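Read through the structure below, which is laid out as structure tokens, and then see the notes.
Numbers here simply count residues along the sequence, with the first being 1. Model, not experiment: these values are computed from the prediction.
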Amino acid sequence: MRYTLKQVIVVNRALRLPTGKLAAQVAHAAVASLLESPPENQISWLQVGMPKIVLEVADEAALLELHEAAQKAHLPACLIHDAGKTVVEAGTITCLGIGPAPVEEVDAVTGKLSLLP
């Protein structure tokens, strides 16, 4: 099945977060970027099973560059800044959520990134 909308979460791999912490940060990004999306995209995306993919970039600088590219493309995007209560310092950017938005628009910004292993 080919979806018309998807969400992408991009992780800052330089942090080498433990699995549980990483899962929590990805969840934060998924919810936050969903809330940035237009209501019609939210509803459509939820109805088709919430397709999403988790990708990686090398470091915070790459996340910031990607966030800027998403904003220039008028995609819903949200950087996640950690609260600093466990593994990393407060304010550390852990990941970026993009979408849900049209697949081809998201792919134009994130299509060359690698899957999170």
Side-chain angles (χ1 to χ4, degrees):
M1 170 181 239
R2 182 154 165 80
Y3 299 106
T4 58
L5 298 172
K6 78 174 181 181
Q7 184 180 63
V8 170
I9 309 302
V10 186
V11 173
N12 177 352
R13 288 298 286 174
L15 298 175
R16 301 186 198 286
L17 297 174
T19 304
K21 179 69 172 179
L22 179 62
Q25 297 303 297
V26 167
H28 292 326
V31 172
S33 66
L34 172 64
L35 296 175
E36 295 289 324
S37 298
E40 61 274 9
N41 283 3
Q42 292 177 9
I43 292 166
S44 295
W45 182 72
L46 290 168
Q47 290 174 338
V48 297
M50 301 173 281
K52 71 183 67 57
I53 190 166
V54 181
L55 305 172
E56 66 177 358
V57 292
D59 53 28
E60 182 176 305
L63 274 182
L64 292 170
E65 187 176 305
L66 192 61
H67 182 246
E68 185 177 325
Q71 289 182 315
K72 285 182 180 177
H74 305 287
L75 292 170
C78 188
L79 285 168
I80 301 303
H81 299 262
D82 193 72
K85 296 180 181 177
T86 57
V87 178
V88 296
E89 292 184 32
T92 300
I93 299 172
T94 58
C95 53
L96 167 66
I98 301 173
V103 170
E104 47 290 329
E105 293 177 27
V106 174
D107 286 350
V109 173
T110 64
K112 294 184 179 178
L113 300 177
S114 298
L115 288 169
L116 181 70

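Here the side chains of Leu34 and Pro100 are in contact, with some heavy-atom distance below 4.5 Å. Looking at Cys95 and Val10, their side chains never come closer than 4.5 Å, going by heavy atoms from C-beta outward. Side-chain atoms of Val54 and Val8, non-hydrogen and from C-beta on, never get closer than 4.5 Å to each other.
Taking Ile, Leu, Val, Met, Phe, Trp and Tyr as members and joining any whose side-chain heavy atoms lie under 4.5 Å apart, directly or through other members, the hydrophobic cluster of Val31 also contains Leu35. Residue Ile80 shares its hydrophobic cluster (ILVMFWY side chains chained together at separations under 4.5 Å) with no other residue.
Taken from CG in Leu79 to CD in Glu60, the straight-line distance is 8.5 Å, to the nearest 0.5 Å. Remark: Leu5 CG to Met50 CE distance equals 13.5 Å, nearest 0.5 Å. Ile53 CD1 to Ile98 CD1: the interatomic distance, rounded to the nearest 0.5 Å, is 12.0 Å.
Here side chain to side chain donor-acceptor pair (under 3.5 Å) pairs that include residues 34-58, with residues two or more places apart or in two chains, are Arg13-Glu56.
Tracing side-chain contacts under 4.5 Å through hydrophobic residues (I, L, V, M, F, W, Y), one reaches Leu17 starting from Ile9; they form part of the same cluster.
Counting heavy atoms of neighbouring residues, nucleotides and ligands inside a 6.0 Å radius, atom CD of Glu104 exceeds 12 of them. For Gln71, the CD atom counts as densely surrounded, since its 6.0 Å shell holds more than 12 non-hydrogen atoms of other residues, nucleotides or ligands.
Not a single donor-acceptor pair under 3.5 Å links the side chain of Asp82 to the backbone N or O of Ile93.
With sequence neighbours excluded, the residues that form a side chain to side chain donor-acceptor pair (under 3.5 Å) with Thr86 are Lys21. A search for side chain to side chain donor-acceptor pair (under 3.5 Å) contacts involving Gln7 returns Ser33, not counting sequence neighbours.
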Donor-acceptor pairs under 3.5 angstrom involving side-chain atoms of residues 105-117: please list them, not counting sequence neighbours.
unit_1: Asp107; atom_1: OD1; unit_2: Lys6; atom_2: NZ; d: 2.5
unit_1: Thr110; atom_1: OG1; unit_2: Val106; atom_2: O; d: 2.9

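For the pairing with Thr94, the side-chain contact (heavy atoms from CB on, under 4.5 Å) check across Asn12, Val11, Leu15, Leu63 returns one residue only, Leu15.
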